[in-house]
Amino acid sequence: MSARVRTARGRTAVIGALAAALVVSGCSGPTSGWRFQGKPLHEVEESLATMTETWRSAMTSEGVEVAIPEDAGCYLQVADDELVGEELLCGPMAFMGAEATQWVVAPLSAMQTKDDSVRLVLDQEPAWDLGTANPNSVPVDAEGTEADLDQQVEPPSAPPAEMGQVIPLGAEEIEAVEEPYELVTVDATYSITTLGVVPQVGPATDPVGAPEGGSLITVGVSRQGHQGVPTSPTSKAVLTVGGEEIDVPEETSAIAVEGDGSDAVIAVEYDGNTQEYELATGELVGGRPFSARQFEPVNAPERELIGDESKGESASYRFRLDGGTTSWSESEGWAADGKDRMFMDLSFESDIQFANDGDTVPYHDKTYSLASLSVTADGEEVAVDPKSIDLAPRADGDFENLGTVASLVLDVPADAEEITIAASVDVKAVPVQDEITNYMREHTDGEPESISKTLELTEVTLKPQGANS
């Protein structure tokens, strides 16, 4: 029901007869000193009785079942024992579906009588609003009895649903959901819409309540598949209540189930990891979400030079880091609890030569070995043995990496926000004899048979993509 409750259009208040009412003068009582807009009141008891009848009629004509106790009524709100406020207070009551006892207010008008007094009336079509008593006044009836504002009223019960019945929710009910919960797994994202366990659903004029011995759970699930993922396995959402599987509605609906609904769970399984979302609490209570993040360097490595390219031995080189972390990979499956798996390509290339009097001899036949490697994640050292890591030429079609690649696969703390990597690579280079020309042989003197250098990667800090902007 909307906040504003109005009488049916065309309802005619019994006003005509009020104008003929006589002024009660000279009598004592709790209302004798009351004033409305500065004027004494005429026939307060009769006025309140008429307005109470109008209120009861209005509330029961809204098309929504309402509980109104026999002793409920309308009250004037009096300040300083004489000043009648401009709003009538009526209640208590409770419409079907209400979560608490309700009161309504409506503006008062004054009808002039033959003398200087006024009779209180409502507009022909009173504007009833859900409201509360004025804290600066006392709500009383014509006998001066104060309204019991603490009286509680149980709302009428909606007719029960049949067990297993599925009831699509209306747009206004769905709008009450703040945000769908997004459950992310490897091959899809599931948007779960729920209002939890509810006492009833449907419009106020045609509600449906919980089934006998059961409850109404609300849920809707939509699936958005991911691109570029394996075609198998395939995830799906499963709804279980009381250990039994129930078809999951795509359209947000209420489902009549046995029990109190507290064990209603949406479960999504992928490759042995089952995420469980509890409808009653709106929380993930089992499994781990899928996450995959690309990392980028804060201080990208630059080209380095060992020696002097114009004379003697020299080595020009550069490193590159490319990769990220993920909770699942096709080759490794799910990472251990509390861990993500880091896949990082440490690639490099070098130009090694010998120069003499302006002439150079290239050393293109190079053998690399990973001499040292240090990795930290959020300041925590990650165990790694550089000898266990193979170096391989860049694969055909790989335009991201440099010529030689060390593929790092390491477990790091889940959701790490900063990774650092430092390394050194030993290289031994010899000339390719087919590349040595007669000119080089004649004009270059003193070149060594091989050149050995250590290429240093100074510590590089990497953060999730976008974190540096």
Side-chain angles (χ1 to χ4, degrees), residues 295-323 342-376 381-396 398-410 418-463 468:
F295 276 65
E296 57 188 6
V298 176
N299 53 325
E302 298 181 354
R303 181 171 288 277
E304 303 285 350
L305 176 63
I306 301 173
D308 185 343
E309 290 180 312
S310 65
K311 60 181 179 180
E313 300 175 3
S314 67
S316 172
Y317 67 94
R318 61 176 178 150
F319 283 91
R320 182 170 183 172
L321 288 162
D322 183 71
M342 182 188 79
F343 290 85
M344 189 72 65
D345 283 344
L346 168 62
S347 62
F348 51 89
E349 63 184 12
S350 65
D351 292 320
I352 298 177
Q353 65 178 30
F354 180 82
N356 184 22
D357 293 333
D359 297 311
T360 61
V361 177
Y363 284 61
H364 286 163
D365 187 0
K366 289 166 279 195
T367 302
Y368 294 106
S369 62
L370 190 58
S372 67
L373 178 63
S374 171
V375 180
T376 70
E381 186 174 347
V382 178
V384 56
D385 179 8
K387 295 180 180 179
S388 67
I389 298 171
D390 295 329
L391 303 180
R394 179 181 66 185
D396 291 341
D398 180 358
F399 301 108
E400 297 294 329
N401 289 315
L402 302 176
T404 302
V405 183
S407 294
L408 312 180
V409 182
L410 302 170
E418 182 176 285
I419 293 173
T420 68
I421 297 177
S424 63
V425 174
D426 288 339
V427 57
K428 180 179 180 180
V430 298
V432 176
Q433 293 303 315
D434 291 346
E435 297 177 353
I436 305 299
T437 65
N438 290 330
Y439 179 86
M440 291 179 182
R441 291 187 177 95
E442 293 174 0
H443 292 82
T444 307
D445 185 31
E447 69 274 14
E449 291 184 4
S450 65
I451 297 176
S452 296
K453 300 294 181 184
T454 297
L455 316 180
E456 297 284 352
L457 172 64
T458 304
E459 185 176 88
V460 174
T461 299
L462 301 105
K463 292 189 176 182
N468 300 326

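For clarity, every value in this text was computed on a predicted model and none was experimentally measured.
No side-chain heavy atom of V384 sits under 4.5 Å from any side-chain heavy atom of L408. Inter-residue side-chain proximity for D351 and R303 is flagged as met; some heavy-atom pair is nearer than 4.5 Å. Residues F354 and P431 fail the side-chain proximity criterion, which asks for heavy atoms closer than 4.5 Å. Considering only heavy atoms from C-beta on, L457 stays 4.5 Å or farther from V425 through its side chain. Using a 4.5 Å heavy-atom threshold, the side chains of T404 and K366 count as separate. Looking at F319 and V460, their side chains never come closer than 4.5 Å, going by heavy atoms from C-beta outward. Between E313 and Y363, every side-chain heavy-atom pair lies at or beyond the 4.5 Å cut-off. Put simply, the side chain of Y368 reaches to within 4.5 Å of the side chain of S350, judged on heavy atoms.
Qualifying side-chain hydrogen bond (donor to acceptor under 3.5 Å, both in side chains) partners for Q353, counting only residues two or more places apart in sequence or in other chains: none. Legend: residues meeting side-chain hydrogen bond (donor to acceptor under 3.5 Å, both in side chains) with D308, ordered by chain and number and at least two apart, are S310.
To the nearest 0.5 Å, the span separating OG1 on T458 from CD on E302 amounts to 10.5 Å. Here the straight-line distance linking atom CD of E418 with atom OG1 of T420 works out to 7.0 Å at 0.5 Å rounding. E296 CD to K463 NZ: the interatomic distance, rounded to the nearest 0.5 Å, is 11.0 Å. Rounded to the nearest 0.5 angstrom, I389 CD1 and L346 CG are separated by 8.5 Å. Between the OG atom in S316 and the CG atom in L455 there is a gap of 10.0 Å [rounded to 0.5 Å]. The CD1 atom of I419 lies 4.0 Å from the CZ atom of F295; values are rounded to the nearest 0.5 Å.
Closest non-hydrogen pair, S450 versus V430, comes out as CB-CG1, 3.5 Å. Of all heavy-atom pairs between L402 and S347, the closest is N-OG, 3.0 Å. S314 and G307 get closest at one heavy-atom pair: CB-C, 4.3 Å. The two residues S424 and E456 make their nearest non-hydrogen contact at CB-OE1, 3.4 Å. Pairing each heavy atom of A423 with each of L373, the nearest pair is CB-CD1, 3.9 Å. Between A383 and L410, the shortest heavy-atom contact is O-CD2, 4.1 Å.
Checking side-chain atoms of N299 against main-chain N and O of E459 turns up a donor-acceptor pair under 3.5 Å. A side-chain donor-acceptor contact under 3.5 Å links R394 to the backbone of N401.
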Full working for side chain to side chain contact (heavy atoms under 4.5 Å, CB included) between V427 and I352: CA-CA 10 Å; V427 57; I352 298 177; 3.8 Å; yes
Side chain to side chain contact (heavy atoms under 4.5 Å, CB included) evaluation trace for I421 with M344: CA-CA 10 Å; I421 297 177; M344 189 72 65; 3.9 Å; yes
